[in-house]
> 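I have a structure I would like to understand better, so I am pasting it below and will then ask my questions one at a time.
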Amino acid sequence: MTGNTLTGIPVSAGISIGQAYLLGEDHYCLIPMQNISKDLVEQEAERLKQAFEKALEELKRIRETIPVEQSEHVAILDVHIMILNDPKLLSTTQRYIHEMHLNAEWALEKGVTEIEKRFEVIDDDYFRERAQELRLLTRRVKNQLIGSPESIKPITSRVILLANNLTPADTAELDASKIMAFATVQGAKTSHVAILARTLEIPAVAGVEGLLTAVQDGDIIIIDGLKGHVVVSPDDDELTQYSDLKYHFEHYRKEVMRHRDLPAVTTDGHKIELFANIELFEEVSAVFDYAGDGVGLYRTEYSYLNRSDLPSEEELFEEYRDLASILAPRSLIIRTLDAGGDKIGQGFEHLEEENPALGLRAVRFCLRYKDIFKTQLRAILRAAQLENVSLMFPMISGTSELREIKKILEETKTELREQSIPFGENMAVGIMMELPSAVMIADILAKEVDFFAIGTNDLIQYSLGIDRTNKYVAHLYQPLHPALIRSLKFIVDAGHANGITVSMCGEMASDPYCLPVLVGMQVDSLSLNPQSIPAIKKILRNLSLHECSNLMERILESDSVSKNNQLIRDNIFKKFPDELMFYSSMLEREEE
Ligand code: PEP
Ligand code: MG
């Protein structure tokens, strides 16, 4: 790697070469902190309130101008409008005027920092990114305070957009046809800019430290969304090398897309269903665009976020029912809330948790706040009148927890029956296998549920003791670790021995290098980000169950990640020159 190459997280595949366009950093921090006199406090608080109102109007104006074909922005902007409208946000910030007599700009700064601190303890990429959005949103308010309403300067030619971060409002103001690629300092796989880039099928790299100091406006840069690199002012060799890679990748992508509707079946007739993981209702269109067999994981937490109240049963029911009817006859697996009170905001005691990832989240949270849980269960059960709906519980650690949850599910069904409210009596109920304790008793759990879905994002985190959001230990995040392979094999065998299906819905399911191993251990289905489905299908269609089973046997005997990587490379990937070129294996990631 040369000195002019920065590394971040690849969040949308592809290569782009072009001119950098830097979106400026904030300038409001230049406003000095002032103490205002007591008699001006009310006036200052009113000034802040009006700035909020004007920023809101600005957002609403942007929302009105969004063309229909960019409807993905609308829902997100609505959420942002809701955040700015939240009286708690205004009152938290105004408190600094009332109590500390700070000027409005600094009261806002302090108030937002206070809220951010509460977000920071949450061990989840998605929520950290939402905290960053809150910061960007308040930039609009600050710009109103200092009288310089901000708007992105018009982009006249096609550029690569670089920014600290981008909110949906920012991206909605952009002319998408002019953006060749994105790179941001903040963000990760689930940032809005990442989702947008994948939707637009343009390359993007997030989490690039030092990006805005290393690159000047107008510099020629290369975005490598395959491996997560940003090459600044490339030399001739780099330009040639990346131009070739770009040409080949675009050709490859077209090929892959052309075959997306073919069945996901190996050369010797073994079928594996390929489902999509989605987070937002709007993403459902991607299931059709990329020929997914349905939704294997609907993460439902987002309907609970960025709002001052809880969603009602009716609201959730309509959301789930609409999603199920759009997808029918394809299946929809709805996962119950996988969050803690700190994430879903208002009305919850603020618990000081030392290790939130090991804390009161997911089913643990639901068991403490049974009303919230039951409301969601009622909505899911009602939506399950459509027979394609199944239910899944996250973070199950053992039998007593599972039995307690199933008891609540039964109680909820009884209540619905008594109220003569129709629901899906026969809805399948599965659990996520993402805790080592659940793995060890997979044979017992398998007797009590209809299916398993392996959540490798968490299973790797908890098995290998690696914070999945900590970039300093990211190199230890190894799906091919022998301990993990044994765990996965044990889950699959336990599931099958008890007659239930086993799917995988963690990121591992979209890793081309892991695919032969998953086929070899006979995972029944995979659920992955929709954009990766065609490429995974292409590889799958060129593998045989026979060769993957042989590989699996050798992998089970191997004692290290490196040997596993080498086995996959030597035995399988030699016949996939394209994938070898485009996707980095764990081996290369280790070497970097
Ligand atoms: C997982 O843990 O692998 C998973 C799919 O769930 P999440 O990423 O939402 O925790
Ligand atoms: Mg998980």
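Note that these values count all heavy atoms, side chains included, but never hydrogens, waters or copies made by symmetry. Positions are given from 1, in the same order as the sequence printed here. Note that ligands are numbered from 1 as they come in the structure, with each ligand's atoms numbered from 1 the same way.
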> Once you restrict to heavy atoms under 4.0 Å, what part of R335 touches ligand 1? Side chain, backbone, both or neither.
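Within the 4.0 Å criterion, R335 contacts ligand 1 through side-chain atoms alone.
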> Classify the contact between R468 and ligand 1 as side chain, backbone, both or neither, using a heavy-atom distance cut-off of under 4.0 Å.
side chain
> For atom CZ of R541, decide whether the heavy atoms of other residues, nucleotides or ligands shown that lie under 6.0 angstrom number more than 12.
yes
> Under 6.0 Å from the CD atom of E387, do we count more than 12 heavy atoms belonging to anything else shown?
no
> With the threshold set at 4.0 Å, does a side-chain nitrogen-carboxylate oxygen contact exist between E313 and K374?
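No, this pair does not count.
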> What is the name of the N/O/S atom of E434 that is nearest to the Mg ion (ligand 2)?
OE1
> In plain terms, say whether E410 and K407 are close enough for a salt bridge, that is, a side-chain N and a carboxylate O under 4.0 Å apart.
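The answer is no: the pair does not qualify as a salt bridge.
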> Taking 2.8 Å as the cut-off, does D338 contribute an N, O or S atom near the Mg ion (ligand 2), distance below it?
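No, D338 does not qualify, because none of its backbone or side-chain N, O or S atoms lies under 2.8 Å.
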> Is ligand 1 under 4.0 Å from a heavy atom in the side chain of L297, in the backbone, in both, or in neither?
side chain
> Tell me which part of R299 gets within contact of ligand 1: side chain, backbone, both or neither, using heavy atoms under 4.0 Å.
side chain
> With the Mg ion (ligand 2) as the point of reference, which N/O/S atom of D458 is the closest?
OD2
> Enter the distance from M433:CE to F490:CZ here, rounded to the nearest 0.5 Å.
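One gets 8.5 Å once the value is rounded to the nearest 0.5 Å.
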